[in-house]
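Every chain is numbered from 1, with letters handed out A, B, ... down the list of sequences.
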2 protein chains.
Amino acid sequence: MPDGNAKKPSRIQKRNRRVILDAALEVFSSYGYRGSTLDQIAAEAGLSKPNILYYFDGKEAIHVTLLSRLMQTWLDPLVAMDPLGDPREEILAYVQRKLDMARDLPRESRLFAGEILMGAPRMMPHLQTDLRSLFDEKCALIQHWIDAGRLPDLDPQHLIFSIWSTTQHYADFDVQVRVLQPDDPDPHARASLHLRAMFGRMLTL
Amino acid sequence: MPDGNAKKPSRIQKRNRRVILDAALEVFSSYGYRGSTLDQIAAEAGLSKPNILYYFDGKEAIHVTLLSRLMQTWLDPLVAMDPLGDPREEILAYVQRKLDMARDLPRESRLFAGEILMGAPRMMPHLQTDLRSLFDEKCALIQHWIDAGRLPDLDPQHLIFSIWSTTQHYADFDVQVRVLQPDDPDPHARASLHLRAMFGRMLTL
DNA sequence: TAGAATTTTTACCATTTGGTAAAGTCACGA
DNA sequence: TCGTGACTTTACCAAATGGTAAAAATTCTA
């Protein structure tokens, strides 16, 4: 019974768990939770369905595992915002990191978006704890910068919302972006310039 | 056989079709296409499942009907951007209209977001025609304003993307916003001020 | 290498779900 | 008010899907 909490995951266990989670990420991010089937995940992973269920307690357990691991990755760029750095450059660097994530981890972005869009049925606890405390902390930091006259007067919470939405847009609404810019060889580069210009202006005293 | 293309929809037909579409919007926007069942829609509409299928050819037909009608509503605020108005005020007014839509039509916004997130399997034709031509037209308009020196040099396409993403964020990621701002009595008002400030700065020469 | 433990497959099962056939019920014009 | 067409319900069905039991195969260890 290797699922749940095994003490010493064997080599095979480690490999297959990773393979399953990767396949599940691919499938869940493409079709959503309800739109994905264990058969699809099994096919993508190159394993049989009962074999999948040997490693995870069920479809929901796979999804929950993915979301839990995702949360860490998701918060890292915000964690890296340094109170000791230059306010403007710290925030602009955060925008850039977020945009890079949308390009490099589109599946993770869409998985997250789908979960939130559905009302976060499985992620709510994580939001209320991890995300919430980090969000409050960084909002306070930005407010502190504002009070010290190092940033113009702005709304820290909605600034972060705008950073999230504009960057994740390029992953979550990827199809739409591609339909409207079919010939752009490097949409990411132009997006980066645009966002740097926009937030750069906003953060200038 | 009232589905498809009836000539003269009776009073009952009109009422029930409307009731069904409204129920389907509620259900689809909450659980996604695959996550929604005809039984749910039937229950929400107060009708039996076979009765639903008397008015629509099937689950997919309901979804397609909703998406088709939605596209019009969705494009209206952009259509209203007037080439003869003041560039800055026209764009800022568009931002405001979009934000109002996120507040007043959150179900429509989430339905649209879910469809795009899943790769627009049913909406792709509409995107490639209606949306595409309007997008190109308004990008050209903005570029024209820039060339005339009436707007600062910016990227019209990505400006529109940023307007879409920041405004729809308040509908699509509503749960997240509420988790992070549990005490805000009027999040919409603050969002409006924030977006006006942000895009206002961006559009200032 | 023998035996134990782990991993994988085969053969199922119960439920859900989109959809249909056909019988009944209702509304309305002649 | 009567008959015809529009509407609704009842009773189903086939396929898909999450999940299980147990046998078979493989790997690890003493």
Report summary line: Comparing Glu60(A) with Ile52(B), nearest DNA chain D nucleotide closer to 5' gives the residue Ile52(B)
**Report entry** Side chain Arg97(A), main chain Pro77(A), donor-acceptor under 3.5 Å
**Finding:** yes
Report task. Rounded to the nearest angstrom, tell me the gap between atom CG in Asp39(A) and atom P in dG19(D). Result -> 11 Å
Query raised in the report: Closer than 4.0 Å, any side-chain N/O of Ser48(A) to the OP1 or OP2 of dT8(C)?
Result: no
Query raised in the report: What is the distance, rounded to the nearest whole Å, between atom CD of Gln40(A) and atom P of dA16(D)?
Result: 13 Å
Requested in this report: Report which part of the nucleic acid Arg34(B) touches: base, sugar-phosphate, or nothing (heavy-atom distance under 4.0 Å, all strands).
Outcome: sugar-phosphate
Query raised in the report: Within a strict 4.5 Å, meaning less than it, do heavy atoms of the Phe112(B) and Gln176(A) side chains meet?
Result: yes
Report task. Measure from CD1 on Ile41(A) to C1' on dA16(D) and round the result to the nearest Å. Result -> 15 Å
Query raised in the report: Out of dT9(C), dG19(C), dT10(D), which has the shortest distance to the side chain of Lys59(B)?
Result: dG19(C)
Report task. Find the distance Leu38(A):CG to dA16(D):C1' and express it as a whole number of Å. Result -> 12 Å
Query raised in the report: Considering only dC7(D), dT17(C), dG19(C), which nucleotide approaches the side chain of Tyr55(B) most closely?
Result: dC7(D)
Query - Whole-Å gap separating P (dC13(D)) and CG (Leu53(B)) - result: 18 Å
Query raised in the report: Just checking, Lys59(B) and Tyr33(B): is the charged tip under 6.0 Å from the six-membered ring centre and within 45° of the axis?
Result: yes
**Report entry** Along DNA chain C (nearest heavy atom to each residue), the more 5'-positioned of Thr37(B) and Asn16(A)
**Finding:** Asn16(A)
Requested in this report: Take atom NE2 of His63(A) and atom P of dG18(D), then tell me their distance rounded to the nearest Å.
Outcome: 13 Å
**Report entry** Atom-pair distance (CZ on Phe28(B); C1' on dG18(C)), nearest Å
**Finding:** 12 Å
Query raised in the report: Whole Å only: how far is the OH atom of Tyr31(B) from the P atom of dT17(C)?
Result: 12 Å
Query raised in the report: Does any N or O donor sit under 3.5 Å from an N or O acceptor when you compare the side chain of Lys49(A) with the base of dG18(D)?
Result: yes
Query - Main-chain N/O of Ser165(A) paired to Gln168(A) side chain as donor or acceptor, under 3.5 Å - result: no
Requested in this report: Would you tell me whether Asp174(B) and His169(B) have side-chain atoms, one donor and one acceptor, within less than 3.5 Å of each other?
Outcome: no
Query raised in the report: Can you check whether Tyr54(B) has a side-chain N or O nearer than 4.0 Å to OP1 or OP2 of dC7(D)?
Result: yes
Query raised in the report: OP1 or OP2 of dC7(D) sitting under 4.0 Å from any side-chain N/O of Asn51(B)?
Result: no
Report task. Check whether any side-chain nitrogen or oxygen of Gln13(A) sits under 4.0 Å from OP1 or OP2 of dT7(C), and answer yes or no. Result -> yes
Query raised in the report: Between dA21(D), dA11(D), dT17(D), which nucleotide gets closest to the side-chain atoms of Pro50(A)?
Result: dA21(D)
